[in-house]
2 protein chains.
Amino acid sequence: MARPREFDTDAVLDAAMRTFWQRGYDGASLSDLTAATDVGRQSLYLAFGDKQHLYLAALDRYREHFFAPLVAALEQGADVRVTLREALLPILDGSCTDRPAGCMLVAAAADRAEEDPQVRVRVAVAFAGLEEALLEAAQRARIAGLVAHTVDLTGWAALTVATVQGLSVMAAAGTPRATLVRALDTALAVLHP
Amino acid sequence: MARPREFDTDAVLDAAMRTFWQRGYDGASLSDLTAATDVGRQSLYLAFGDKQHLYLAALDRYREHFFAPLVAALEQGADVRVTLREALLPILDGSCTDRPAGCMLVAAAADRAEEDPQVRVRVAVAFAGLEEALLEAAQRARIAGLVAHTVDLTGWAALTVATVQGLSVMAAAGTPRATLVRALDTALAVLHP
DNA sequence: CAGGTTATGGATCGGTCAGTCAAGTATCTA
DNA sequence: TAGATACTTGACTGACCGATCCATAACCTG
């Protein structure tokens, strides 16, 4: 060992994540990243490799901190409608000032998946996991009599994932909150018995 | 008058539209655009102004040629489910080789709306129009007894727009066709009486 | 045909990008 | 304390970006 790092890797990764989340991959320049992290160019390169790998690490951190908890809550048997609504409302409006609008994984799908296969895989795996968790949670709710028997739950899970993705894009694009919330509530109301 | 243009403005705009559609605003460099249109740099600038205005013109052309026909079909009383399905299926898979995957207006929302207010307005107006057309078409279908009385049509219209946007993003990101079609069909099935 | 006007194509501009290099500095181990 | 090791800093590289300049070519009008 020799001279230790002057920065905290987790904090730097968090700042980088928010920069990518807000501005996208191309929109976040190395200058933006060094400014946001308060870490020099070369130190970033030594610690994380190139820009692509820093982005992948930031995306993994996003999944771990913001996406996985939603999936975990669904898997642990939380109420589908309550869980989804609580998880998504902060995404939909700009009122949540501690984070950028929209879902970073959806943004990654929109502006990075086509060019970077590793991003494509991460996005696909994440949303496949969400869809599966939604399906199983809805099936449990049906057994408990909380969901109508006329709803095709497989289709509903796919529909809900697509809706969440659409809501995320339009939230980041500035669509009025009311429209987004109405769409979300309808998707949840479909389940009503 | 003096020397006339050597190129057809419509054809050039069409090529530029497809280039922006496929690669996004930042991803489409002027070199890409001159290559795709087979028109020189300076000629593009004289004919369309700068890159931003060329993009706006391309976006308007997209709306006119690909988006407006869907809205018009809905307004003219075509069957909601059939019209939506026919319009969206070509977007969802890569099998439609005559155009890039996904909806250009959704792509514009994702990667350009935040920076360009004119793009934001165009996106908002277009999807507000789609939502209104969907609502009115569903209301007419309900009167004709083709739609269940238990569905909140206002919410369904908002939900469907969000779903379409989500499908578009994930189609462009390479999500398997089957998942996308299932989500679309479920959104349409919600209307069933 | 002459004069004016516009389109074209190539060279080039300043600026920014991701990424690298090298010199200096701080810390650990022996 | 000496030397090895690793981090930091800032200047720098080549490539590409959007945009502009300019000389030339093509066309219309009078």
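Within every chain, numbering begins at 1; the chains are lettered A, B, ... in the order of the sequence lines, protein sequences first and strands thereafter. Given the structure is predicted, the values throughout are model-derived calculations rather than measurements. Note that these values count all heavy atoms, side chains included, but never hydrogens, waters or copies made by symmetry.
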*Asks:* What is the distance, rounded to the nearest whole Å, between atom CG of L44(A) and atom P of dA18(C)?
*Replies:*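 Nearest whole value for this atom pair: 12 Å.
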
*Asks:* For the pair made of CZ in F48(B) and P in dA19(D), what is the distance, rounded to whole Å?
*Replies:*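 Nearest whole value for this atom pair: 15 Å.
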
*Asks:* I need the CG-P distance between L46(B) and dT8(C), as an integer number of Å.
*Replies:*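 Interatomic distance, CG of L46(B) to P of dT8(C): 8 Å.
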
*Asks:* How would you label the contact of Y25(A) with the nucleic acid (heavy atoms, under 4.0 Å): base, sugar-phosphate, or nothing?
*Replies:*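 No contact at all - Y25(A) keeps every heavy atom at 4.0 Å or more from the nucleic acid.
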
*Asks:* For G27(A) and D32(A), work out which heavy atoms get closest and say how close.
*Replies:*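 For G27(A) versus D32(A), the nearest heavy atoms are O-OD2, 3.3 Å.
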
*Asks:* Name all pairs fulfilling the ring-ring contact (aromatic ring centres under 6.0 Å, His included) condition that reach into residues 118-142 of chain B, sequence neighbours left out, sorted by first residue then second.
*Replies:*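 Of all non-adjacent pairs touching residues 118-142 of chain B, those that pass ring-ring contact (aromatic ring centres under 6.0 Å, His included) are F67(B)-F127(B).
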
*Asks:* For W156(B) and L134(B), indicate whether the former's side chain and the latter's backbone hold a donor-acceptor pair under 3.5 Å.
*Replies:*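 Looks like no, no N/O pair under 3.5 Å.
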
*Asks:* Can you give one letter per nucleotide of nucleotides 9-17 of chain D, going 5' to 3': B for a protein heavy atom under 4.0 Å from the base, S for sugar-phosphate only, - for none?
*Replies:* BB------S

*Asks:* Can you name the nearest heavy-atom pair linking V80(A) to L74(A), along with the distance?
*Replies:*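 Of all heavy-atom pairs spanning V80(A) and L74(A), the closest is CA-CD2, 4.2 Å.
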
*Asks:* So, for R85(A) and P90(A), which heavy atoms are closest and what is the spacing to 0.1 Å?
*Replies:*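 Residues R85(A) and P90(A), closest heavy atoms: O-CD, 4.5 Å.
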
*Asks:* Return a table of donor-acceptor pairs under 3.5 angstrom between the side chains of residues 104-114 of chain B and protein atoms on other chains or two or more places apart.
*Replies:*
from: R112(B); atom 1: NH1; to: E115(B); atom 2: OE1; distance (Å): 3.4

